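Some notes on the structure that comes next.
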Amino acid sequence: MRSISKTVVSQDIAAAIVADAFGPNVALVEFNEATEGWFNAAYRLGLDDGRQAVLKVAPPPEVTVMRYEHDLMATEVAALQLAGERTAIPVPAVLWSDTSCRRVPSSLFVMERCFGVLLSELRPTLDAEQQEHIDAQLAVHLRQLHDITHTGFGLGAPSAPSFDSWGDCFAHLIDDLLADREAKDVDLGIADDRVRSLIAERRAALDEVTVRRFVHWDLWDSNVFIDPETLAVSGVIDFERALWADPLMEAQFYTKASDASFIAAYGSAMVTIDAERERRLLYDLYLFLIMVIEGAYRHYGDDTVETIGRDRLRHTLVRLGEL
């Protein structure tokens, strides 16, 4: 995916970063861009000692990002380290990080490379039983993440505010999105004040969430590596949008909330009462608002993301009784 948020790094600069990270006796022998991501730039590195790594670089400082995207690189480094320490999930280890902007004018870090095939590429080739086997592993991994708790609700970035109330936190996330919309004059098809009212009307359902849990939020198939021989999950990546929140925000509860085998592997049902259904719709609203707005910031090569976002936003607003 082409996006102006991706920092361009030359092979010579990458070689200098490798020397900074691993010392002057380690050389770069393989370098190519991983083009699957949509926000940070990522480059695959092969080192002459046989190690394989990935370099991730934050957006250039002159590129305006959405408010919830501030400081995402710090979020990802901290989240990877926490998940590696507190769970059995196969997450890549952070090998080195740098906020000095010595080589490029952006923060960066180097992590282990995950091996296998992206689930987004593999899933279409699998039968239902094989997909169920993989999804059950993801359910177990999500439960391990959700068992990690925190003292406050909020985004994972160290610069982000912390909230005692999930209702206050979620209202703040929505306000930030609407400020992003206003800054780029994006037409959502619904007035800002009405979006805020949708949240306020369901405040009681939000305030039922009292435990601040680790939420990945971006665990789509394109962020999961699979060993094609064993169908074991071999890597989980892109923790940059991690936050302390309601586990119902996870993408899997958009698609798998009624999947009995997934829920059995997770260990408890998640969308069974009216308050949970209301919250899940609000999280859909949040995601699809982002999809409609973000193209104005990233300048994608086409409007596919926005088109999908608008269609799903319209569907969500119908379910919320707005259209």
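Quick caveat, the model's predicted, so the values are computed rather than measured. Keep in mind that the numbers below use all heavy atoms, side chains included, and drop hydrogens, waters and symmetry copies.
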For the hydrophobic clusters of this structure (ILVMFWY residues joined by side-chain heavy atoms under 4.5 Å, transitively), does one cluster hold both [X] and [Y]?
X: Leu72; Y: Val54; value: no
X: Leu142; Y: Ile89; value: yes
X: Val94; Y: Val110; value: no
X: Leu177; Y: Met249; value: yes
X: Leu138; Y: Leu118; value: no

Side-chain heavy atoms of [X] within contact of [Y], under 4.5 Å:
X: Asp147; Y: Thr87; answer: no
X: Pro90; Y: Glu112; answer: no
X: Val77; Y: Lys56; answer: no
X: Asp168; Y: Arg203; answer: yes
X: Asn40; Y: Met73; answer: yes
X: Val292; Y: Leu188; answer: yes
X: Arg51; Y: Val26; answer: yes
X: Asp20; Y: Trp96; answer: yes

Okay, side chain of [X], backbone of [Y]: is any donor-acceptor separation there less than 3.5 Å?
X: Thr7; Y: Ala41; answer: no
X: Arg181; Y: Ile293; answer: no
X: Gln131; Y: Ala128; answer: no
X: Glu250; Y: Leu219; answer: no
X: Gln137; Y: Leu231; answer: yes
X: Ser107; Y: Thr99; answer: no
X: Asn223; Y: Asp218; answer: yes

To the nearest 0.5 Å, what is the distance between [atom1] on [X] and [atom2] on [Y]?
X: Leu119; Y: Ile134; atom1: CG; atom2: CD1; value: 5.5 Å
X: Ile199; Y: Leu282; atom1: CD1; atom2: CG; value: 4.5 Å
X: Asp175; Y: Leu178; atom1: CG; atom2: CG; value: 6.5 Å
X: Tyr43; Y: Leu28; atom1: OH; atom2: CG; value: 12.5 Å
X: Met111; Y: Leu45; atom1: CE; atom2: CG; value: 10.0 Å
X: Leu287; Y: Thr316; atom1: CG; atom2: OG1; value: 8.5 Å

* Mind checking whether Phe225 and Phe115 have ring centres under 6.0 Å apart? -> no
* To do: Give the C-alpha distance, both sets of side-chain angles, the deciding distance and a yes or no for side chain to side chain contact (heavy atoms under 4.5 Å, CB included) between Arg277 and Leu281.
  => CA-CA 6 Å; Arg277 295 185 187 97; Leu281 280 174; 5.8 Å; no
Between [X] and [Y], how do the two ring planes meet: parallel, tilted or perpendicular, split at 30° and 60°?
X: Phe170; Y: Trp166; answer: tilted
X: Phe253; Y: Tyr266; answer: perpendicular
X: Trp244; Y: His150; answer: parallel

With a 4.0 Å cut-off, would you call [X] and [Y] a salt bridge?
X: Asp180; Y: Lys184; answer: no
X: Glu306; Y: Arg310; answer: yes
X: Arg194; Y: Glu201; answer: yes

* Asked: How far apart are the C-alpha atoms of Glu294 and Tyr300, what are their side-chain angles, what is the distance that settles it, and do they pass the side-chain hydrogen bond (donor to acceptor under 3.5 Å, both in side chains) test?
  -> CA-CA 9 Å; Glu294 71 181 14; Tyr300 294 139; 3.0 Å; yes
Which heavy atom in [X] sits nearest to a heavy atom in [Y], and how many Å separate them?
X: Asn32; Y: Glu30; value: ND2-OE2, 3.4 Å
X: Ser106; Y: Cys101; value: N-SG, 3.7 Å
X: His216; Y: Ile237; value: NE2-O, 3.0 Å
X: Leu145; Y: Phe214; value: O-CB, 3.2 Å
X: Gly235; Y: Cys114; value: CA-SG, 3.8 Å
X: Asp238; Y: Glu76; value: CA-OE2, 3.4 Å

* **side chain to side chain contact (heavy atoms under 4.5 Å, CB included) evaluation trace for Thr307 with Asp302** => CA-CA 10 Å; Thr307 299; Asp302 58 49; over 6 Å; no
* Taking Asp246 as the fixed residue, which of His146, Arg279, Arg213 is the one that meets the side chain to side chain donor-acceptor pair (under 3.5 Å) rule? -> Arg279
* May I have the step-by-step check of side chain to side chain contact (heavy atoms under 4.5 Å, CB included) for Tyr297 and Val65, ending in yes or no? => CA-CA 6 Å; Tyr297 287 81; Val65 299; 5.8 Å; no
State whether the number of non-hydrogen atoms from other residues, nucleotides or ligands found under 6.0 Å of [X] atom [atom1] is greater than 12.
X: Glu62; atom1: CD; value: yes
X: Asp164; atom1: CG; value: no
X: Arg319; atom1: CZ; value: no
X: Gln144; atom1: CD; value: yes

* Candidate pair Thr272 and Glu276, rule side chain to side chain contact (heavy atoms under 4.5 Å, CB included), full reasoning -> CA-CA 7 Å; Thr272 58; Glu276 292 167 347; 3.1 Å; yes
* For Ser10 and Asp12, does a side-chain donor sit closer than 3.5 Å to a side-chain acceptor? -> no
* To do: Check Tyr68, Phe153, Phe163 against His172 for a ring pair (Phe, Tyr, Trp, His ring centres under 6.0 Å) and give me the one that passes.
  => Phe163
